[in-house]
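Every chain is numbered from 1, with letters handed out A, B, ... down the list of sequences. Worth knowing before you read on, the calculation uses all heavy atoms, side chains too, and leaves out hydrogens, waters and symmetry mates.
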Amino acid sequence: MATENFQAPKGTRDFYPEDMAVRRYIEDIWRRVSVRHGFQEVDGPTFESLDLYKVKSGEEIVSQLFSFTDRGGRDLALRPEFTPTLARMVAQRGAGLPRPIKWFSIARCYRAEQPQKGRLREFMQWNVDYIGDTSDRAERECLALCVDALREFGLDDADFHVGWNHREWLNRLLTSTFVSPDRLGAAYYILDRLHKYDRKALYSEQKCSDGEREWFDFIADTKNQSLAELTDLLIQKKSSGGAPERSQTAALSSEIYSTVREFEKRLKDNGLGAMCRFDLSIVRGLAYYTGFVFEVSDRQGENRAIAGGGRYDNLIKMFGGPSLGAVGFGMGDVVLEILLRQRNKLPGAILDNHRNPDVFIVNALEDTTCAESLIFQLRRSQWDAARARIEHPGLYAACSYRSTRNIGKLLQEAAASGAKLAVILAPAEFQQGLAKLKNLAERTEREIPLASLVAEIRQRCPAGPALSRPPSG
RNA sequence: GUGGAUUUAGCUCAGUUGGUUAGAGCACGAGGUUGUGGUCCUCGGGGUCGCGGGUUCGAAUCCCGUAAUCCACCCCA
């Protein structure tokens, strides 16, 4: 048989123990924070019918999916995101679900794209959706959850910030000032790229008029303004550009404007003002967003977006469900992990992947039967049948897999494992039916009868396994 | 899908104009005279030099192809 060199497929990752520990750390925080914000976890299939993904994104999406045909001739695709599945699930239960529906999922997703730093073909995505509430409380709850999770990772406003915008307001603002309705698409395209690319190239690519160029330059140079300041500046500019057009400035003082202003104020009241900023350049590609949109970025600007989302009031209906307003966001594990590493925010114990044993058995006897049965006894949980519950949870009992019976070396290994206790089985005491039980941290030891050893150890490890850092030099 | 850079041990990297059996540090393993702590000493296992062709007496080194990684496009749900 020919031997071949296999590598993980392009854009995928192997999770060795130390990698798996990091992934679990990230997923645990996503889950923990979601739950305390009142969201419930859901999941669905990893693949869906190909048509499901065309509903939202059209035919073009197909080239970016991993798709296949099953033996029954059904066209299927690995999920590139969770939202269509979620919409399908909500549509299926329809009116039966209590409102609002607050769901999250931690989904493995697949995209057939060119891999780059922060962007792979297989990744984990935390998906949060708040469905059935058309008030902007939904936006604030989602934003608060997103920010709270990032803080739980040890990141703060020196590491990330949130840029937000409002689609409907943006349309109003643009059409009332300098963009004709047929140029809205081009305007979105330019706003999205205004800070990332050469402006002149963008303008000529999009065939901008001189007037448009002047306005875009103006917007690009007045970034970092609050919503109110930016709006005032635009109105002033509009007025100074010619005779003030009352109908248009009136449009700017519309109901949407006061809604958006109120939203900005509420963010401040909720302590999110410092890290959230109104930003006209946050557009977020696809068309299904109907209102508020936001994006979380690396403050130092090195990485891709950390998270993004917004309001999509038509989506559930598009999937055949009731007409329900919804807000949601997604956060991937790839950029987040890069950022956590760059800022040195991953706890050392996680990186070491060090689950410390409760007890380490040092066997200096020729015969291994006593050590082995001791280990299996300690690891086993003791089930109380009468009360239908676990009486004593099993302990993490470790031992050496080396052949040496040199007690010094074995204790060295026990200490390196970070175990709290060590049992020393050695000929002199063993012949008298005794073993030594050593507290590795305090370097104290006692002789214990073999018969009561398990009970003694259980008593000294009551809390069950703990995740902690091994003692350092 | 299109361009550019990169690929040598588990990791980080040396390797001269093409010339014996491809090296180092870290990591890993064993031992250090029969019983107590991460040090130290000695020794060791590991590499089809990404993969496949070609040129040459001889290729890690030069040429072609190919895969993966990173970067820039496309796109970003």
**Student:** So, does the side chain of Glu429(A) form a donor-acceptor pair with the base of G35(B) at under 3.5 Å?
**Tutor:** yes
**Student:** Rounded to the nearest angstrom, tell me the gap between atom CG in Asp19(A) and atom C1' in C11(B).
**Tutor:** 13 Å
**Student:** How far does the P atom of G23(B) sit from the matching atom of A67(B), given to the nearest Å?
**Tutor:** 33 Å
**Student:** May I ask you to say what Ala426(A) touches in the nucleic acid, namely base, sugar-phosphate or nothing, with a heavy-atom cut-off under 4.0 Å?
**Tutor:** base
**Student:** Please tell me if the side chains of Asp358(A) and Leu421(A) come closer than 4.5 Å, counting only heavy atoms from C-beta onward.
**Tutor:** no
**Student:** If only side-chain N and O atoms count, and only distance matters, is there a donor-acceptor pair under 3.5 Å linking Thr85(A) with Glu48(A)?
**Tutor:** yes
**Student:** Both distances under 3.5 Å, Watson-Crick or G-U wobble: report the partner of U55(B), or none.
**Tutor:** none
**Student:** For Glu413(A), which contact category applies under a 4.0 Å heavy-atom criterion: base, sugar-phosphate, or nothing?
**Tutor:** nothing
**Student:** Rounded to the nearest angstrom, tell me the gap between atom CG in Leu410(A) and atom C1' in U34(B).
**Tutor:** 13 Å
**Student:** Rounded to whole angstrom, note down the P distance from G29(B) over to A59(B).
**Tutor:** 38 Å
**Student:** Assign each of Tyr189(A) and Glu445(A) to its nearest nucleotide of RNA chain B by heavy atoms, then name whichever residue's nucleotide is nearer the 5' end.
**Tutor:** Glu445(A)
**Student:** In whole Å, measure the gap between the P atoms of G46(B) and A9(B) for me.
**Tutor:** 15 Å
**Student:** CG of Asn406(A) versus C1' of G29(B): gap in Å, rounded?
**Tutor:** 16 Å
**Student:** Does either side chain, that of Thr369(A) or that of Asp367(A), offer a donor lying less than 3.5 Å from an acceptor on the other one?
**Tutor:** yes
**Student:** Give the nucleotide from the list G37(B), G35(B), A77(B) with an atom nearest to the side chain of Tyr289(A).
**Tutor:** A77(B)
**Student:** P atom, A14(B) versus A24(B): distance in rounded Å?
**Tutor:** 16 Å
**Student:** Assign each of Tyr197(A) and Gly308(A) to its nearest nucleotide of RNA chain B by heavy atoms, then name whichever residue's nucleotide is nearer the 5' end.
**Tutor:** Tyr197(A)
**Student:** Over all strands shown, is Gly328(A) touching base, sugar-phosphate only, or nothing at heavy-atom distances under 4.0 angstrom?
**Tutor:** nothing
**Student:** Take the protein atom CD of Glu122(A) and the nucleotide atom C1' of A68(B), then report the distance between them rounded to whole Å.
**Tutor:** 16 Å
**Student:** Only one of Glu122(A), Gln125(A), Arg121(A) passes side-chain contact (heavy atoms from CB on, under 4.5 Å) with Cys109(A); say which it is.
**Tutor:** Gln125(A)
**Student:** Say you pick atom P in C64(B) and the same atom in G4(B); how far apart are they, in whole Å?
**Tutor:** 12 Å
**Student:** Does C26(B) have a Watson-Crick or wobble partner in any strand here, with both distances under 3.5 angstrom, and which is it?
**Tutor:** G10(B)
**Student:** Specify whether Tyr203(A) and Phe216(A) have parallel, tilted or perpendicular ring planes, treating 30° as the upper limit for parallel and 60° as the lower limit for perpendicular.
**Tutor:** parallel
**Student:** Taking the same atom, C1', in U8(B) and in G50(B), what whole-Å distance lies between them?
**Tutor:** 10 Å
**Student:** To the nearest Å, give me how far apart CD (Glu366(A)) and P (G35(B)) are.
**Tutor:** 11 Å
**Student:** Considering only heavy atoms from C-beta outward, does the side chain of Asp279(A) approach that of Asn165(A) to under 4.5 Å?
**Tutor:** no
**Student:** Starting at atom NZ of Lys409(A), determine the distance to atom C1' of G29(B), rounded to an integer number of angstrom.
**Tutor:** 11 Å
**Student:** For Gln412(A) and U39(B), what is the distance between atoms CD and P respectively, to the nearest whole Å?
**Tutor:** 6 Å
**Student:** When you compare C63(B) with U7(B), how far apart are their P atoms, in angstrom units rounded to a whole number?
**Tutor:** 14 Å
**Student:** NA contact type, Ala8(A), heavy-atom cut-off 4.0 Å: base, sugar-phosphate, or nothing?
**Tutor:** nothing
**Student:** Determine whether any donor atom in the side chain of Lys117(A) lies under 3.5 Å from an acceptor atom in the base of U69(B), or the reverse, and answer yes or no.
**Tutor:** no
**Student:** Would you indicate, yes or no, if A68(B) has its OP1 or OP2 atom less than 4.0 angstrom from a side-chain nitrogen or oxygen of Lys10(A)?
**Tutor:** yes
**Student:** Could you check how far CZ of Arg443(A) sits from C1' of G38(B), rounded to whole Å?
**Tutor:** 9 Å
**Student:** Looking at G37(B), A77(B), G35(B), which one has an atom nearest to any side-chain atom of Ile61(A)?
**Tutor:** A77(B)
**Student:** Find the partner of A72(B): check Watson-Crick (N1-N3 plus N6-O4 or O6-N4) and G-U wobble (N1-O2, O6-N3) distances, both under 3.5 Å, and reply none if neither fits.
**Tutor:** U2(B)
**Student:** Determine the interatomic distance between P on U69(B) and the same-named atom on A30(B); round to the nearest Å.
**Tutor:** 36 Å
**Student:** Where the side chain of Gln116(A) is defined as all heavy atoms beyond and including C-beta, which of A72(B), A77(B), U36(B) is the nearest nucleotide?
**Tutor:** A72(B)
**Student:** Between Phe278(A) and Trp164(A), what is the ring plane arrangement, given parallel below 30°, perpendicular above 60°, and tilted in between?
**Tutor:** perpendicular
